[in-house]
Amino acid sequence: MSDTAAIIEHGKQVLAGNYNRLPFVMARGQGTRLWDSDGREYLDLFAGFGAGIIGHCHPALVAAATDQAQKLWHVGNTFYTTPQIEFADRLTRTAFPGQAFYCHSGLEANEAAVKLARLHGNESTTGTKRWKTVSMNKSFHGRSLAMIAATGNPAVRVGFEPEVPGFTHVDLGDMEGLAAAVDSETAAVIIEPIQGEGGIHITPTDYIVELRRLCDERKVALIFDEVWTGCGRTGKWFGHQYFTTASGKCVEPDIMTLGKAVGGGLPVGVMWAKPEIAKLFVPGKHGSTLGGNPICMAVSRTIFDVIERERLTDNAATLGEYGMARLKSEKRIAPKITAVRGRGLMIGVELKETPEKLVEKGLAKGVLLNLTSKNVIRLAPPINITREDWDRGLDRVIETIASL
Ligand code: PLP
């Protein structure tokens with residue numbers, strides 16, 4: 001048995017079987033490149049579910065982590081630590097003034113957001129306590145018991161019944177359905193600016209403008225789940241910055257949640273809330289032992305510095321437009337695809353049919369891509385990818401689709 005086959009066999013014995021793992025062992029990464037344990041090289045156009053926002057082992061992130069690792073690893077949230085505060089300053093500058101609760105994943109950020117919205121709902125003076133959450137069909141918000149209830153895909157709940165109560169789902173874009181679902185007990189609406197797991201569906205701006213108005217009118221907290229769309233991926237710092245009113249004002253949420261890219265591959269989640277709602281998180285209402293870990297925070301802060309310094313949101317916007325235009329105009333794959341959509345470097349290519357072993361076929365051509373919602377190829381490379389690598393990667397994506 002080869003070394004790789006032996007590792008895989010051993011992995012099957014000792015790792016839980018909840019992931020559909022491919023028979024590859026990834027050993028090393030640098031920038032947009034990955035190498036497996038047999039030394040084969042791949043262009044990484046998926047960046048670990050978008051988390052590797054500035055690529056593998058970025059020298060600035062290695063330096064930030066190493067420097068912080070030599071100063072302080074962990075002390076707990078009974079104290080202030082500078083990296084947490086410095087990172088919050090980056091969020092104020094790039095998103096909106098707010099306050100941070102730090103955790104380790106997207107789902108934890110969403111849990112914190114829904115808890116905070118319930119505190120807000122409990123403050124209601126009308127006599128009826130607000131505790132329910134409305135979310136979208138085809139949404140994805142994480143795998144905890146509450147977040148599988150929030151997620152608009154019944155398959156994730158099978159086997160985990162009874163469901164956590166208080167979550168209802170409506171179709172994205174159906175304003176009437178939403179207005180009917182938000183009742184006197186609703187505390188929050190949670191929505192992704194672009195549905196990621198659901199197949200790259202962009203939330204329409206007019207719907208968001210109306211949703212903001214409805215939430216204001218009914219005193220419901222609006223949560224934007226930016227776990228996929230945050231941190232420059234879409235060509236702006238945050239996906240919601242594409243939503244503007246007729247007068248050009250950005251539609252802001254009361255609470256924004258981040259995961260994936262915010263840690264660049266380290267486990268970081270953030271619940272970022274406007275101060276007037278964040279103030280309800282008084283001592284004892286929520287917490288996390290390792291949330292806001294100094295090494296993670298030093299890395300998160302540096303990710304934002306690199307994105308800002310190198311204008312990587314512009315790179316994502318330009319290369320995203322270019323890539324989508326290339327995919328749309330490529331004659332060889334036209335008969336096999338029904339749509340190309342996305343923003344910045346968060347792109348979905350919808351296929352006419354569900355492909356067999358798509359990711360393996362891509363890897364055989366030297367490119368790492370992903371498939372979601374049965375027939376949507378997802379591309380989410382590091383946003384500092386060069387034009388040359390993006391072109392090379394797109395060549396391989398096109399060849400892969402053409403070979404299906
Ligand atoms: N929210 C969205 C929009 C996601 O896409 C995901 C994961 O894919 C999550 C939340 C959950 O994040 P995590 O896997 O870090 O818990």
Side-chain angles (χ1 to χ4, degrees), residues 45 47 49-55 87-98 100 106 109 172 190-196 198 200-209 211-212 222-264 268-274 300-325 340-348 378-385 387 390:
L45 297 194
F49 290 78
I53 191 83
I54 55 172
F87 179 46
D89 285 343
R90 298 328 188 252
L91 291 173
T92 293
R93 193 160 78 231
T94 54
F96 49 83
L172 182 70
I190 183 167
I191 186 164
E192 296 160 84
I194 302 175
Q195 289 187 336
I200 315 289
H201 299 286
I202 300 177
T203 301
T205 295
D206 52 353
Y207 180 70
I208 286 284
V209 171
L211 172 58
R212 178 69 273 182
L222 178 56
I223 305 168
F224 286 164
D225 178 340
E226 294 248 19
V227 169
W228 246 114
T229 50
C231 313
R233 160 89 29 228
T234 66
K236 291 192 189 282
W237 278 106
F238 301 100
H240 74 264
Q241 291 165 340
Y242 282 95
F243 303 136
T244 50
T245 62
S247 61
K249 198 168 166 288
C250 175
V251 180
E252 289 174 353
D254 300 294
I255 308 172
M256 171 175 84
T257 57
L258 302 174
K260 300 191 194 291
V262 75
V268 182
V270 183
M271 187 212 66
W272 183 250
K274 294 235 166 121
S300 297
R301 178 193 63 199
T302 309
I303 291 169
F304 274 55
D305 290 347
V306 172
I307 293 175
E308 194 166 35
R309 194 170 58 237
E310 298 182 9
R311 297 174 183 275
L312 296 179
T313 49
D314 292 347
N315 195 52
T318 310
L319 292 191
E321 283 299 317
Y322 166 75
M324 284 190 278
V340 178
R341 55 182 178 255
R343 271 189 177 139
L345 288 172
M346 180 173 177
I347 297 174
R378 268 191 306 191
L379 303 177
I383 62 170
N384 56 348
I385 190 169
R387 173 79 166 231
W390 184 223

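Because the structure is a prediction, the values reported are computed rather than measured.
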Going by the rule salt bridge (Lys or Arg N to Asp or Glu O under 4.0 Å), which residues pair with K274 if we only count those two or more places apart in sequence or in a different chain?
E252
Hits for salt bridge (Lys or Arg N to Asp or Glu O under 4.0 Å) against D305, two or more places apart or cross-chain, chain-then-number order -> R90
E308: partners by salt bridge (Lys or Arg N to Asp or Glu O under 4.0 Å), with sequence neighbours left out
R93
To the nearest 0.5 angstrom, please state how far the OG1 atom of T302 sits from the CZ atom of R309.
8.5 Å
What is the distance from atom CD1 of I208 to atom OG1 of T245, rounded to the nearest 0.5 Å?
13.0 Å
More than 12 heavy atoms of other residues, nucleotides or ligands under 6.0 Å from CD of E321: yes or no?
no
Between N384 (side chain) and L312 (backbone), is there a donor-acceptor pair under 3.5 Å?
no
Check: F49 and V227 side chains under 4.5 Å, non-hydrogen atoms:
no
Check side-chain contact (heavy atoms from CB on, under 4.5 Å) between T92 and all other residues, then give those that pass, not counting sequence neighbours.
P97, W272
Nearest 0.5 Å, please: how far is CZ in R387 from OH in Y322?
5.0 Å
What is the minimum heavy-atom distance between W228 and G196, and which atoms define it?
CD1-CA, 3.9 Å
Any donor-acceptor pair under 3.5 Å from Q241 side chain to T94 backbone
yes
Give a yes or no answer on whether the side chain of T313 reaches the backbone of W237 with a donor-acceptor pair at less than 3.5 Å.
no
Determine, step by step, whether V251 and L211 satisfy the side chain to side chain contact (heavy atoms under 4.5 Å, CB included) criterion, reporting the C-alpha distance in whole Å, the side-chain angles of both residues, the deciding distance to 0.1 Å, and the verdict.
CA-CA 10 Å; V251 180; L211 172 58; over 6 Å; no
Sequence neighbours excluded, the answer for side-chain contact (heavy atoms from CB on, under 4.5 Å) partners of R311 is D314
For the atom pair CE (M346) and CD1 (I200), what is the distance rounded to the nearest 0.5 Å?
4.0 Å
If you look at every heavy atom in Y242 and T205, which pair is closest and at what distance?
O-OG1, 3.9 Å
I need the minimum non-hydrogen distance between P381 and W390, along with the two atoms involved.
CG-CZ3, 3.6 Å
Between R212 and F243, is a side chain to side chain contact (heavy atoms under 4.5 Å, CB included) present by the stated rule, with each step listed?
CA-CA 11 Å; R212 178 69 273 182; F243 303 136; over 6 Å; no
Go through I191 and L222 one step at a time and tell me if the side chain to side chain contact (heavy atoms under 4.5 Å, CB included) criterion holds.
CA-CA 8 Å; I191 186 164; L222 178 56; 4.3 Å; yes
Which distance, rounded to the nearest 0.5 Å, do you find between the OG1 of T257 and the CD1 of I223?
7.5 Å
Closest non-hydrogen atom pair between I194 and T234, with its separation
CD1-CG2, 4.0 Å
H201 versus E192: any side-chain heavy-atom pair under 4.5 Å?
no
Which residue pairs satisfy the salt bridge (charged side-chain N to carboxylate O under 4.0 Å, His left out) criterion with at least one member in residues 224-233, sequence neighbours excluded?
none
Backbone N or O of L172 within a donor-acceptor pair of the T203 side chain at under 3.5 Å?
no
Where do A47 and A380 come nearest, in terms of heavy atoms and distance?
CB-O, 3.4 Å
Apply side chain to side chain contact (heavy atoms under 4.5 Å, CB included) to the pair E310 and N315, showing each step before the final yes or no.
CA-CA 9 Å; E310 298 182 9; N315 195 52; over 6 Å; no
Quick check: closest heavy atoms across L345 and P382, and the distance to 0.1 Å?
CD1-O, 4.1 Å
CZ/F224 to CG/D254 distance, rounded to the nearest 0.5 angstrom?
9.0 Å
